[in-house]
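Values in this document were obtained by computation on a predicted structure and should not be read as measured data.
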Amino acid sequence: MPTDSLFRRVDAEGARTVEVTFDDQPLSVPAGLTVAAALLLGGVRQFRTSPVGGGPRAPYCMMGVCFECLVEIDGVPSRQSCLIEVADGMRIRSQQGARDLPFPQPEAVVMEVQP
Amino acid sequence: MNETVPNTADVIVVGGGLVGMAVAYGLAKAGTNTLVLDQGDDAFRASRGNFGLVWVQGKGFDRLEYSRWTRSSARAWAGLAEGLRQETDVDVRLTQPGGFHMCFSDNELAERQARLAGMQAALGDYPFEMLDGADLKARLPGIGPKVVGASYTPMDGHVNPLKLLRALHAGARHHGATVVGRMPVTGIESAPGEFTVVTPERRFTAPRIVLAAGLGNRVLAEHVGLHAPVAPNRGQVLVSERVRPFLKYPTINVRQTDEGSVQFGDSMEEVGFNDLTTTDVLAKIAQRGVSTFPFLADVRMVRAWGALRVMSPDGYPIYQQSESHPGAFVVTCHSGVTLAAAHATRIAPWIRGGERPEELAVFAGERFLTGEVFSHAH
């Protein structure tokens with residue numbers, strides 16, 4: 001995870017921070033930010049990979065429209081990180097491809113039909 | 001307006017949706033000089049709102065010609081998809097693994113069995129299976145307890161309908177067709193051996209015309225002695241975020257697309273030219289989807305839309321050449337995806353002067369002039 005953030009805060013020097021993790025790496029971020037803003041400030045460049053093409057993705061609109069910023073938060077997949085405020089102890093994970101379902105994958109069944 | 005668009009063609013197709021483009025693709029591929037006039041993005045476009053099923057089971061139970069027609073299209077579909085892929089590089093993601101029709105009560109299951117058994121008795125080659133709850137759970141492990149059983153036939157499939165529309169446009173152009181957008185047709189003038197299609201900006205002439213204008217056919221048909229009393233029937237669709245593949249089979253109310261999103265929708269409403277969505281119907285669609293696959297309960301919906309089916313009074317298509325204005329054809333149906341292959345491979349040769357496909361004799365629009373009251377069963 002790069003630490004050379006493309007972003008910096010312009011206000012509130014010395015503001016309260018909260019401790020979160022991103023892909024199990026600890027991150028200390030200013031309280032009051034959205035998860036997306038906090039991760040960008042923390043130097044995260046890739047939030048997820050595209051379910052279709054597998055390409056890297058990161059926040060784009062920062063206002064809840066584009067769905068590029070999806071991450072898993074506290075075990076819940078596909079959260080829009082630009083709409084959720086960071087909280088102490090939050091466990092954030094990048095999302096690889098399409099989200100899983102709480103369901104065992106069906107085994108292939110060979111269909112045979114007698115006409 | 002592109003000045004290079006010709007004023008004449010061998011055939012003018014009015015309508016650039018799935019129906020018109022499938023016919024135009026078939027015509028152009030056979031060497032016919034084809035011009036498609038498409039209304040524009042203010043049109044009601046069933047082609048961009050549909051569910052993407054290539055569906056056979058149960059269709060036409062009370063009009064077996066429609067069953068045969070549908071089946072012939074499903075059989076021709078692999079060839080259509082492969083041709084489009086070679087000519088346009090667009091993979092429409094056709095799969096035909098067979099489909100499930102879920103039943104939520106014993107009565108529904110019994111009716112389903114009776115319908116399909118009747119069709120099999122009449123048609124002969126019509127494979128299907130009835131599955132009880134345990135059978136179904138073995139096939140689809142995530143199925144919910146409210147589903148008491150299902151019918152399965154190996155005849156059904158699905159595609160990505162947006163890619164299909166794009167591929168048909170690209171394929172028609174590949175074979176030399178001209179497709180013009182923002183060209184709403186307001187009138188048709190007839191002279192012996194020639195039709196003039198009138199738009200606000202230009203006039204186009206051709207010896208043959210095909211009306212494939214969806215809901216617009218109702219008015220346009222009257223210009224050339226045809227009767228096509230189609231009316232809108234609204235369907236609403238919910239689509240989810242992309243999830244890992246869990247369902248390769250299409251079902252009548254839930255399907256997972258090739259790119260992972262899940263579509264839900266089986267509503268039918270007579271609400272006129274209104275393609276908006278309503279919360280109560282979407283809630284029912286979602287409830288039925290979650291009853292089918294309970295593990296989808298926490299999956300997020302990302303979009304919902306309404307679209308208007310093009311429905312005739314009995315629900316069946318209208319295929320006809322005008323007797324009073326020979327050379328003018330109407331082609332209209334509400335299954336533009338399923339029937340795309342038949343439209344490209346069997347309607348197009350008829351337009352070019354060949355025999356009318358034998359199943360289609362019963363689908364003339366005059367059947368609606370008898371005073372009979374119809375109800376459609378789709």
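Heavy-atom neighbours of B:Arg166 CZ from other residues, nucleotides or ligands within 6.0 Å: at or below the threshold of 12. Remark: B:Asp89 CG is loosely packed, at most 12 non-hydrogen atoms of other residues, nucleotides or ligands lying under 6.0 Å away. By the 6.0 Å contact criterion, NZ on B:Lys137 is enclosed, its count of non-hydrogen atoms from other residues, nucleotides or ligands being greater than 12.
Residues A:Leu101 and B:Val299 meet the side-chain proximity criterion, which asks for heavy atoms closer than 4.5 Å. Within the 4.5 Å cutoff, no side-chain heavy atoms of A:Gln80 are placed close to those of B:Arg300.
Contact of B:Glu259 with chain A is made through backbone and side chain together, with heavy-atom distances under 4.5 Å.
When atom types are taken as modelled, the side chain of B:Arg242 and the backbone of A:Ala98 share no donor-acceptor pair closer than 3.5 angstrom.
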Step-by-step side chain to side chain contact (heavy atoms under 4.5 Å, CB included) determination, B:Glu241 to A:Arg99: CA-CA 9 Å; B:Glu241 63 182 335; A:Arg99 62 163 287 182; 2.9 Å; yes

